[in-house]
**Q** 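Before we start, here is the structure in question, set down as structure tokens.
Sequential numbering from 1 along the given sequence is applied to the chain's residues. Because only heavy atoms are used, hydrogens play no part in the values below, and waters and symmetry mates are left out as well, while side chains stay in.
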Amino acid sequence: MRRRGGGKCIWGRLAVVAGIVIILALLLPPAFWWMVLAVLLIGLGIWFLRCG
């Protein structure tokens with residue numbers, strides 16, 4: 001089953017996610033983004049440890 005739009009679908013999704021992130025960056029305090037970065041780095045580290 002193929003989706004309509006072919007390769008354009010991923011670009012549309014990236015544009016929507018980027019827009020949401022930009023809006024949230026304007027609304028949320030900087031401390032929230034440091035917490036998000038920390039959670040992402042911890043998750044990435046755990047993923048690397050499990051895959052390696």
Side-chain angles (χ1 to χ4, degrees):
M1 189 181 288
R2 294 189 70 180
R3 296 183 186 201
R4 289 186 288 164
K8 295 179 184 175
C9 185
I10 188 72
W11 291 111
R13 289 181 184 175
L14 286 175
V16 169
V17 170
I20 291 171
V21 168
I22 290 170
I23 289 172
L24 289 175
L26 294 172
L27 297 176
L28 296 171
F32 172 78
W33 294 107
W34 284 113
M35 185 180 69
V36 169
L37 178 62
V39 169
L40 286 174
L41 289 174
I42 290 169
L44 190 64
I46 291 171
W47 181 66
F48 277 135
L49 288 173
R50 292 188 67 158
C51 291

**Q** Rounded to the nearest 0.5 Å, how far apart are CG of L14 and CD1 of I10?
**A** 5.0 Å
**Q** Under the side-chain contact (heavy atoms from CB on, under 4.5 Å) test, which residues partner L41, sequence neighbours left out?
**A** L37
**Q** Answer yes if V39 and W47 sit in the same cluster of Ile, Leu, Val, Met, Phe, Trp and Tyr residues linked by side chain heavy atoms under 4.5 Å apart, and no otherwise.
**A** no
**Q** Treating Ile, Leu, Val, Met, Phe, Trp and Tyr as nodes and any side-chain heavy-atom pair under 4.5 angstrom as an edge, say whether M35 and I20 lie in one connected cluster.
**A** yes
**Q** With hydrophobic residues grouped by side-chain heavy-atom distances under 4.5 Å, do W33 and L40 end up in a single group?
**A** yes
